[in-house]
Number of protein chains: 2
Amino acid sequence: MKRPSSNARDRILTAANKLFYAEGIRAVSLDTIAAKAGITKKTVYYHFKSKDDLIEAYLVSRDQPNLELFRTWFEAADGALPDKVQVIFQNIAASARHPKWKGCGFLRTAAELANMPGHPAMKVGAAHKKKFEAWMAEEFQAEGAEMAPDMACDLARHVVLLLDGAFSTILVHRDAAYAEAAGEAARVLVAGAVGRASQRA
Amino acid sequence: MKRPSSNARDRILTAANKLFYAEGIRAVSLDTIAAKAGITKKTVYYHFKSKDDLIEAYLVSRDQPNLELFRTWFEAADGALPDKVQVIFQNIAASARHPKWKGCGFLRTAAELANMPGHPAMKVGAAHKKKFEAWMAEEFQAEGAEMAPDMACDLARHVVLLLDGAFSTILVHRDAAYAEAAGEAARVLVAGAVGRASQRA
DNA sequence: CGAAGTATACTCACCAGTGAATATACTTCA
DNA sequence: TGAAGTATATTCACTGGTGAGTATACTTCG
């Protein structure tokens with residue numbers, strides 16, 4: 001394999017990741033990214049066909065790691081289902097207290113590209129969020145197998161709404177307490193659904 | 001009094017409103033805004049000291065009208081408290097189905113300016129969201145005066161989280177159904193809180 | 001007149017993307 | 001084996017265009 005190729009490509013992606021996340025998509029130029037990666041802009045264009053292409057690659061690179069992080073948090077938590085869900089939000093609160101935290105990269109990119117609904121990066125972002133929602137629904141159904149599929153889907157969606165709401169409001173207020181409030185709300189909703197599910201059984 | 005002054009200023013603000021909301025902050029240049037307002041860029045700089053200043057004015061101009069809209073929806077709804085809250089979300093769903101809808105201007109601006117936490121526009125955005133949250137809390141306390149202040153505040157925050165979550169997820173998925181799901185969740189949470197409050201009384 | 005408001009015409013920096021050349025490694029076959 | 005050819009990977013220097021912001025002059029009205 002060509003070592004140089006993947007090397008430069010990786011360095012570009014790493015630089016793009018940091019800069020796009022820290023500063024925003026349109027705020028960062030390819031010159032800046034190239035400089036940070038220690039290569040020439042032309043080399044960026046060798047590995048990515050356009051800035052839009054690089055934006056897409058940036059989100060693609062964040063997809064799995066992000067989902068993995070949520071899974072890790074969820075699985076590491078002990079306790080009942082409502083508590084495990086709440087733990088996700090507590091971890092987000094903790095992350096959000098780091099000064100470099102700037103919200104959810106997918107959400108912020110979607111906000112910036114709201115005028116380009118067909119942009120490839122938008123599709124990646126939507127798919128990422130769908131995966132999270134689907135995973136939550138699975139977990140709800142798996143737990144004791146008492147929850148009906150449509151109930152699990154509704155509940156997963158409610159959790160997603162609280163999660164993305166937390167990302168957004170924390171960014172606006174720079175106050176991680178919103179994640180804890182969202183976690184409380186999620187816990188209440190999940191507990192309620194679990195209660196209804198087991199009652200029906 | 002100079003007709004021209006207010007006239008030009010208003011035209012600039014109107015153009016900025018449409019363009020910033022439709023395309024995003026950094027995607028729109030002052031040249032474009034000036035052209036849309038039918039004046040020169042220099043005139044823009046006569047009325048606003050910088051682009052940042054205009055961004056701030058853009059959000060200021062949206063503050064009251066937006067809050068007023070929510071109040072109107074809420075007050076026009078009949079039924080119990082949970083239903084009135086849900087109606088806000090239903091109205092958002094309806095708005096979001098219009099093709100020109102591009103999410104919440106405050107949230108999207110906050111996402112774009114996430115790298116400038118001290119930006120005046122960020123403060124305007126945060127204040128706007130706080131006003132909404134405070135208003136919700138008031139409404140919860142006012143309703144029958146059975147809800148304790150801290151409970152009302154917590155509940156208001158949960159509603160805010162669902163609201164901003166709805167704005168964000170609709171934008172990502174281009175699917176207004178998320179607002180309806182958020183409305184359901186909000187109704188459940190409010191009904192639960194109302195139930196606990198009246199039980200305690 | 002003179003001040004508020006607007007316009008013309010500019011500066012200077014930056015940005016997405018490109019043309020031409022080069023260096024390095026891999027492949028082929030005499 | 002090794003020379004010639006080809007694909008990969010990278011650089012330097014550039015273009016056409018646009019960005020925010022400005023110097024200066026014109027206009028209009030109290």
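Residue numbers begin at 1 in each chain, while the letters A, B, ... track the order of the sequences. Here the structure is a predicted model, which means the values were calculated and not measured.
With rounding to the nearest 0.5 angstrom, the CG atom of A/Leu163 is 11.0 Å from the CD atom of A/Glu133. Annotation: the span from B/Ser95 atom OG to B/Gln90 atom CD amounts to 12.0 Å, rounded to 0.5 Å.
Between B/His128 and B/Phe106, the two ring planes are parallel [angle under 30°; tilted spans 30° to 60°].
At whole-Å resolution of the value, CG in A/Asp10 and P in D/dA9 are 12 Å apart. Nucleotide D/dT8 holds its P atom 15 Å from the CZ atom of A/Arg9, rounded to whole Å. For the pair A/Asn7 CG and C/dA25 P, the interatomic distance rounds to 13 Å; values are reported in whole Å. The interatomic distance linking B/Arg26 (CZ) with D/dA20 (P) rounds to 12 Å, in whole Å. The distance between atom CG of A/Leu54 and atom C1' of C/dC15, rounded to the nearest whole Å, is 15 Å. Rounded to a whole Å, the CD1 atom of A/Ile55 is 11 Å from the C1' atom of C/dA16. Between A/Phe48 atom CZ and D/dT10 atom P the separation is 11 Å, expressed in whole Å.
Within 4.0 Å (heavy atoms only), A/Ser29 reaches sugar-phosphate atoms of the nucleic acid but no base atom. Within the 4.0 angstrom heavy-atom criterion, no nucleotide atom of any strand lies near B/Val44.
Residue pairs satisfying the ring pair (Phe, Tyr, Trp, His ring centres under 6.0 Å) criterion with at least one member in residues 166-192 of chain B, sequence neighbours excluded, are listed as follows: B/His173-B/Tyr178.
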Nucleotides 17-22 of chain C: protein proximity per nucleotide (B base, S sugar-phosphate only, - neither; heavy atom, under 4.0 Å): BBBB--
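The shortest distance between the side-chain N/O atoms of A/His47 and the OP1/OP2 oxygens of D/dT8 is not below 4.0 Å. Phosphate proximity of C/dT6 to B/Tyr46: absent, as no side-chain N or O sits under 4.0 Å from OP1 or OP2. Close to D/dT11, at under 4.0 Å from its OP1 or OP2, lies a side-chain N or O of A/Thr43.
Between A/Glu180 and A/Arg97, at least one side-chain nitrogen of the basic residue sits less than 4.0 Å from a carboxylate oxygen of the acidic one, meeting the salt-bridge criterion. With salt bridges taken as basic N to acidic carboxylate O contacts below 4.0 Å, one links B/Asp63 and B/Lys131.
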Would you please test A/Phe74 and A/Trp135 for ring pair (Phe, Tyr, Trp, His ring centres under 6.0 Å) and show each step? CA-CA 11 Å; A/Phe74 183 81; A/Trp135 166 63; 5.3 Å; yes
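Within a heavy-atom distance below 4.0 Å of DNA chain C, no residue of residues 15-25 of chain A is found.
Side-chain N or O atoms of A/Glu112 include one that pairs as donor or acceptor with a backbone N or O of A/Ile25 at under 3.5 Å. Under the 3.5 Å distance criterion, the side-chain polar atoms of A/Ser50 are matched with a main-chain donor or acceptor of A/Asp53.
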